[in-house]
K.L.:
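So that we are looking at the same thing, I have put the structure below in structure tokens.
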Amino acid sequence: MSENEAGGAAAQLTEAPPQEPAGPLSRPGIGSLELFGVGIVLLAVGQRWISPLFNGLPALQTWATIFVSIIVQALPFLVFGVLLSASISAFVPPTVFAKILPKNKALAVPVAGISGVVLPGCECASVPVAGGLISRGVTPAAAFTFLLAAPAINPIVLVATAIAFPGRPDMVAARFVASLMAAMIMGWLWLALGKQGWLRPPRKPMAPEGHRWRAFREAAEHDFLHAGGFLVIGGITAATLNVVVPRAWLNAVAGNELLAILALAGLAVMLAICSEADAFVAASLTQFSLTARLAFLVVGPMVDVKLIALQAGTFVRAFAYRFAPTTFLVAVGSAVLVAKVVL
Amino acid sequence: MKREVQGPLLMLVGLTTLRISVGETYLRYVKEGLQPFLIFAGVVLVVLGLMAAFGKSEPTAADAHAEGHTHMDGHNHEGGPTIAWLLLLPVMAIFLIAHPALGAYAASRSGGGVARPAEEAFDPLPAGDPVEVKVTDYAARSIWGGEETLRDRRLKLTGFAVERPEGGWYVARMSMACCAADALPTRIEVRGDVETPAVGTWVELIGSWEAPEKTFTDDAVPVVRAETLTPIEQPRVAYE
């Protein structure tokens, strides 16, 4: 296994069997934990020598301040959101959902949508949760409405939006109405046009048997790490747009109303930021109109590269390829309509 | 991402959060009111990290989940999401790039017009000679119809110096609505018989109001005539 020892972390990541006992010292060779440790030491030591190098680069410092501020601002919301959604996935049995929904499918759609308010769900969790709901007998239309609404209209997201756009409660209201509307339209569309064959028969839902606290802890860890990674991508993009992209380009795109809306909607799909945090990225895009930024906020929790991948994996590819573009169009349309009325 | 790294990574993010929020570093990035929530978040992350590092990790429902269907979203089957490595970036940025609050560079780049304020009427300034006025307040009054409240008073402004391309300098402050990411500058042109400070120097300026070139438009630039100028330390809260 000499190539492992020389090759280090990369080789080990793809080859390690799952049943090896955990514990940092049980695995021979250079593992990612050791590399991590070395990195920390370098950080502590390097601070003294590397920091001054950056002092003469105000552009980089400004970029870094903007980048860090998005992360720092979003962090408490992300943590709250993750704690809440982990508790729900660990402690609330999915049968609760099946009980509160009306039997009439068309009515179940709006009820499922509204219930997204009380059930914070990071979009990371919403796809598996929807799969779990369907396997428990919840009608797919309602499950999808919930999948789309919960990440967008839960209280943490709304508070985050209020903080990101101070003095503009209409922005919060607009996000709520537009997201709910888009979710419900998608639910009804499924009722009218959906085909059972597009759903892979969902597996038994992952019920945490017995170890609820462990399920909670692991869900919280996993969700935070996952969401945090995507938040960093969002922060990098926003900071770069702010400092590196020439003002003239941004003004050109932002100046054309239609282009601005499509650009930010597209950006929302590419960036896949957790909905608790996306308001802060939107707030930083000051050159763009509120309508365009609303489109960013409505589209993001509903369709992005991460969600599309999850949907293709949990349901069927044919489903994902239909669901995503339709959701995108409905979300953008919803945002524009609501913006005209509310903002 | 290996299981073993998840715990330390969470702890690192948590400790970094605590490091900037206990103390005043966080004020460079966000508003004061966020401090308790930041501290809470930091503590939660450290606790989660500790539990992850020292808790049991036999295969659980999560692993069954991983084997059950393919992950195409940046996951490694054994352990946590690969994308989480990116969390090291803000940690490194905080430690290695010892950056001050947004200052002269940002203030010289952005638009810097004076937006129309929400309220129509301006209350008279409190008594005092000189009376302390915020840069943003001075600018709003100057441009949007409040100059009567500024006339014939000695005023004290605190800001940092920004170069004026056409010569001379501005005294400026950054304001943030939500956080440093959306911070916009307010700039006031400084005239008068004072020495031009180095770009980025924080100063306390005592002077009087002078009429700007234009008013009631988004791109008008307010003017102040300075009598005295004192260099100062950056205030605790750099943003207005």
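Below, read A as the first sequence line, B as the second, and so on, with proteins coming before strands; counting in each chain starts at 1.
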K.L.:
CG/B:Leu102 to OG1/A:Thr62 distance, rounded to the nearest 0.5 angstrom?
P.N.:
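Going from the CG atom of B:Leu102 to the OG1 atom of A:Thr62 covers 6.0 Å.
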K.L.:
Quick check on B:Gln234: does its CD atom have over 12 non-hydrogen neighbours (other residues, nucleotides or ligands) under 6.0 Å away?
P.N.:
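Result for CD/B:Gln234: enclosed.
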K.L.:
Of the backbone (N, CA, C, O) and the side chain (C-beta and beyond), which part of B:Val44 lies under 4.5 Å from a heavy atom of chain A, both, or neither?
P.N.:
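Side chain only.
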K.L.:
Under a 4.5 Å heavy-atom cutoff, which of B:Ala84, B:Ser21, B:Pro90 has the most pairs with chain A?
P.N.:
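It is B:Pro90.
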K.L.:
Quick one: of A:Ala239, A:Gly235, A:Pro166, who has the most non-hydrogen atom pairs under 4.5 Å with chain B?
P.N.:
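Option with the top pair count is A:Pro166.
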K.L.:
Is chain B contacted by the side chain of A:Leu231, its backbone, both, or neither, given a heavy-atom distance below 4.5 Å?
P.N.:
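Neither part.
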K.L.:
Among A:Val79, A:Ile233, A:Leu285, which residue has the highest count of heavy-atom pairs closer than 4.5 Å to chain B?
P.N.:
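Highest number of heavy-atom pairs under 4.5 Å: A:Val79.
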K.L.:
In this structure, are over 12 heavy atoms from other groups packed under 6.0 Å from B:Arg19 atom CZ?
P.N.:
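Open: at most 12 neighbouring heavy atoms sit under 6.0 Å from CZ of B:Arg19.
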K.L.:
Do B:Leu87 and A:Phe224 have side chains that approach each other closer than 4.5 Å (heavy atoms only, starting at C-beta)?
P.N.:
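Side-chain contact under 4.5 Å: yes.
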K.L.:
How far does CG of B:Leu86 sit from CG of A:Leu225, to the nearest 0.5 angstrom?
P.N.:
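Reported value, rounded in 0.5 Å steps: 11.5 Å.
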K.L.:
Check the surroundings of atom NZ in B:Lys134: do more than 12 heavy atoms from other residues, nucleotides or ligands lie under 6.0 Å from it?
P.N.:
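It does not: B:Lys134 NZ has 12 such atoms or fewer within range.
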K.L.:
Of the non-hydrogen atoms in A:Gln73 and B:Val30, which two are nearest, and what is the gap between them?
P.N.:
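For A:Gln73 and B:Val30, the tightest heavy-atom pair comes out as OE1-CG1, 3.3 Å.
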K.L.:
Could you walk me through whether B:Phe37 and A:Phe77 pass the ring pair (Phe, Tyr, Trp, His ring centres under 6.0 Å) test, one step at a time?
P.N.:
CA-CA 9 Å; B:Phe37 300 102; A:Phe77 295 89; 7.6 Å; no
K.L.:
What part of A:Ile236 lies closer than 4.5 angstrom to a heavy atom of chain B: side chain, backbone, both or neither?
P.N.:
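For A:Ile236, the side chain is the part near chain B, not the backbone.
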K.L.:
If you count heavy-atom pairs within less than 4.5 Å of chain B, which of A:Leu75, A:Thr286, A:Val72 leads?
P.N.:
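Max contact count across the listed options: A:Val72.
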K.L.:
Is it true that, when you exclude B:Glu233 itself, more than 12 heavy atoms of the residues, nucleotides or ligands shown sit nearer than 6.0 Å to its CD?
P.N.:
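It does not: B:Glu233 CD has 12 such atoms or fewer within range.
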K.L.:
Using a 4.5 angstrom heavy-atom cutoff, name the option from B:Leu45, B:Leu48, B:Leu88 with the most pairs to chain A.
P.N.:
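Heavy-atom pair counts peak at B:Leu45.
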K.L.:
Can you say whether A:Ile71 sits under 4.5 Å from chain B via the side chain, the backbone, both, or neither, judging by heavy atoms?
P.N.:
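The answer is the side chain of A:Ile71.
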K.L.:
Got A:Pro76 and B:Phe40 here, is their nearest side-chain heavy-atom distance under 4.5 Å?
P.N.:
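Not touching, per the 4.5 Å side-chain cut-off.
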K.L.:
Determine the option with the most heavy-atom pairs under 4.5 angstrom with chain B, choosing from A:Ala238, A:Ala220, A:Ala59.
P.N.:
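If we count pairs closer than 4.5 Å to chain B, A:Ala59 comes out on top.
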K.L.:
Say you draw a straight line from CD of A:Glu221 to CG of B:Leu9; how long is it, rounded to the nearest 0.5 Å?
P.N.:
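Between A:Glu221 CD and B:Leu9 CG, I get 10.5 Å after rounding to 0.5 Å.
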K.L.:
Rounded to the nearest 0.5 Å, how far apart are OH of B:Tyr29 and CZ of A:Phe67?
P.N.:
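Spacing of OH (B:Tyr29) from CZ (A:Phe67) equals 11.0 Å.
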K.L.:
Tell me, side chain or backbone of B:Leu89 under 4.5 Å from chain A's heavy atoms, or both, or neither?
P.N.:
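For B:Leu89, the contact with chain A is made by backbone and side chain together.
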K.L.:
Calculate, to the nearest 0.5 Å, the distance between atoms CE and CZ belonging to B:Met51 and A:Arg214 respectively.
P.N.:
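Output value for this atom pair is 12.0 Å.
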K.L.:
If you count heavy-atom pairs under 4.5 Å with chain B, which of A:Gly228, A:Gly167, A:Ala219 comes out on top?
P.N.:
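Of the candidates given, the most pairs with chain B belong to A:Gly228.
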K.L.:
Can you tell me how far the OH atom of B:Tyr239 sits from the OG atom of A:Ser69, to the nearest 0.5 Å?
P.N.:
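One finds 7.0 Å between OH of B:Tyr239 and OG of A:Ser69.
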